[in-house]
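All residue numbers in this chain count up from 1 along the given sequence.
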Amino acid sequence: MVIVTGAAGFIGSCLVGRLNQLDIHDVVAVDDFSHEQKEKNLADKHISKRVHRDLFFDFIKENHKRIKFIFHLGARTDTTEFNSEIFDRLNVSYSCHVWQLCSAFQIPMLYASSAATYGNGQYGYDDRDLSLVEKLEPLNPYGISKNDFDKWVLMQRTQPPKWAGLKFFNVYGPNEYHKGRMASVVFHAFNQIKKSGSMKLFRSHRADFVDGFQLRDFIYVKDVVDVCLYFYQKNIASSIYNLGTGTARSFLELATATFSAMDKQPQIEWVDIPIDIRDNYQYFTEANMNKLVSTGFVQPFQSLEQGIRDYVTKYLTPEKYF
């Protein structure tokens, strides 16, 4: 039995799909299952049981002997939410309880951390020196909650037999139809171009960045899922790892690649960064991936152009799910 929390969400549902492709059908999906649109993410997938997240702890206690691995991807991910109590409950306390049960019953686990823990990047984006985790200053309650759990994990003497925390950078790809404002820039770009023939990009509000050349480490969700499965299948040293491509790309390059995948000429409209996110807007992120590579991971990540073309042509244009 393999368990995926947040199974009805973006990355979780893609992971369930890949597990099924590997002929792993005894998959337990954990979520709150209250979002009707997310139901489409799980359509046609082989799931042995659905467990509401509020009943998950009891489920572990009753079935721990059958559980082979837990992918703990469930979390509140809205970076525009500023109610810290929600994040403390769903992202920190809940995750601590999952960890404690995995430790007690010796169940291997992988959990989702986030590049949002790095804040404005003043300490860089290097996962090799874990003493830096204490110094990081995330820019919003979501990032704070993820970093709080990372810090808590690193203080624990009692641990699961194998564990990994993956700091996801800017993930895009199929099954994010339900995410609204929090969906990837690629998703919003596609829909803007489809509707009007043009797309909006943020102007730069810093003199050291030209409009459109704000940089992010964009990673395709299929690559994210492959790394998750790498940790599931291999005996890798337990630690916290970055998960990006290791190459920062500009929003203008992303826009150009999306227009190209849609066989359209680029037409950009420049807009100001909204006031409510301007002060905490990241102008540069780039994962140092040497730690993951040092474990023996050699599979190349898809380029931004490759990932966007796959996403646009196989999923967004035909309105399909992974």
Hey, is CD on Glu36 packed in by over 12 heavy atoms from elsewhere, all under 6.0 Å?
-> no

For Gln265, does the CD atom sit with more than 12 other heavy atoms under 6.0 Å from it, leaving out its own atoms?
-> no

Do [X] and [Y] come within less than 4.5 Å of each other through their side chains, counting heavy atoms only?
X	Y	answer
Leu254	Phe218	yes
Leu130	Ser239	yes
Asn235	Lys162	yes
Glu305	Arg249	yes
Gln282	Leu139	yes
Gln156	Trp99	yes
Asp211	Leu201	no
Gln106	Pro160	no

With [X] via ring-ring contact (aromatic ring centres under 6.0 Å, His included) - residues at least two apart:
X	result
His205	none
Phe57	Tyr94, His97
Phe259	none
Phe190	none

For [X] and [Y], work out which heavy atoms get closest and say how close.
X	Y	answer
Asp223	Pro300	OD1-O, 4.4 Å
His25	Asn20	NE2-O, 3.5 Å
Tyr125	Gly119	OH-O, 4.2 Å
Phe33	Val51	CE1-O, 3.4 Å
Cys102	Pro161	O-CD, 4.3 Å
Ile47	Val16	CG1-CG1, 4.3 Å

Working for side-chain hydrogen bond (donor to acceptor under 3.5 Å, both in side chains), residues Ser184 and Glu176 | CA-CA 8 Å; Ser184 71; Glu176 58 173 335; 2.6 Å; yes

Is there a salt bridge (charged side-chain N to carboxylate O under 4.0 Å, His left out) between Asp31 and Lys38 once you walk through the steps?
-> CA-CA 10 Å; Asp31 214 307; Lys38 289 167 68 174; 3.7 Å; yes

Glu253 and Thr256: CA distance, side-chain angles, deciding distance, side-chain hydrogen bond (donor to acceptor under 3.5 Å, both in side chains) verdict = CA-CA 5 Å; Glu253 289 174 312; Thr256 301; over 6 Å; no

Please answer whether the main-chain N or O of [Y] pairs with a side-chain N or O of [X] as donor and acceptor at a distance below 3.5 Å.
X	Y	result
Gln214	Gly212	yes
Asn242	Lys167	no
Thr5	Leu73	yes
Thr317	Val312	yes

Under 30°, 30 to 60°, or over 60°: which ring-plane class applies to Phe59 and Phe56, parallel, tilted or perpendicular?
-> parallel

Between the side chains of Ser103 and Gln100, does any donor sit under 3.5 Å from an acceptor?
-> no

Centroid separation under 6.0 Å, is that true for the rings of [Y] and [X]?
X	Y	answer
Tyr232	Tyr230	no
Tyr111	Phe149	yes
Phe251	Phe213	no
Tyr172	Tyr220	yes
Tyr177	Tyr321	yes
Phe187	Tyr311	no

After noting the C-alpha distance and the side-chain angles of Asp226 and Gln299, does the key distance pass the side-chain hydrogen bond (donor to acceptor under 3.5 Å, both in side chains) rule?
-> CA-CA 9 Å; Asp226 283 345; Gln299 180 176 322; 2.9 Å; yes

Of Thr117, Leu90, Val92, which is the lone residue that meets side chain to side chain contact (heavy atoms under 4.5 Å, CB included) with Ser145?
-> Val92

Just do the ring pair (Phe, Tyr, Trp, His ring centres under 6.0 Å) check on Phe231 and Tyr241 with the steps written out, would you?
-> CA-CA 11 Å; Phe231 280 93; Tyr241 294 83; 5.0 Å; yes

Ile3 side, atom CD1; Met1 side, atom CE - distance, nearest 0.5 Å = 6.0 Å

Calculate, to the nearest 0.5 Å, the distance between atoms CD and CE belonging to Gln159 and Met109 respectively.
-> 11.0 Å

Cation-pi geometry met for Lys222 and Phe322 (6.0 Å, 45°) | no

Stacked cation flag Arg216 on Tyr281, 6.0 angstrom / 45 deg | yes

For [Y], is there an ion pair with [X] - N to carboxylate O distance below 4.0 angstrom?
X	Y	result
Asp26	Lys68	no
Asp126	Lys291	no
Lys40	Glu319	no

Please identify each residue that fulfils side-chain hydrogen bond (donor to acceptor under 3.5 Å, both in side chains) with Ser260, with sequence neighbours left out.
-> Arg309

Mind jotting down which residue pairs meet the side chain to side chain donor-acceptor pair (under 3.5 Å) criterion with at least one end in residues 49-61? Sequence neighbours excluded, please.
-> Glu39-Arg50

Step by step, would you call Arg181 with Asp276 a salt bridge (charged side-chain N to carboxylate O under 4.0 Å, His left out)?
-> CA-CA 13 Å; Arg181 183 180 180 184; Asp276 65 335; 3.4 Å; yes

Chi angles and distances behind the side-chain hydrogen bond (donor to acceptor under 3.5 Å, both in side chains) call for Thr245, Asp217 | CA-CA 6 Å; Thr245 64; Asp217 193 333; 2.7 Å; yes

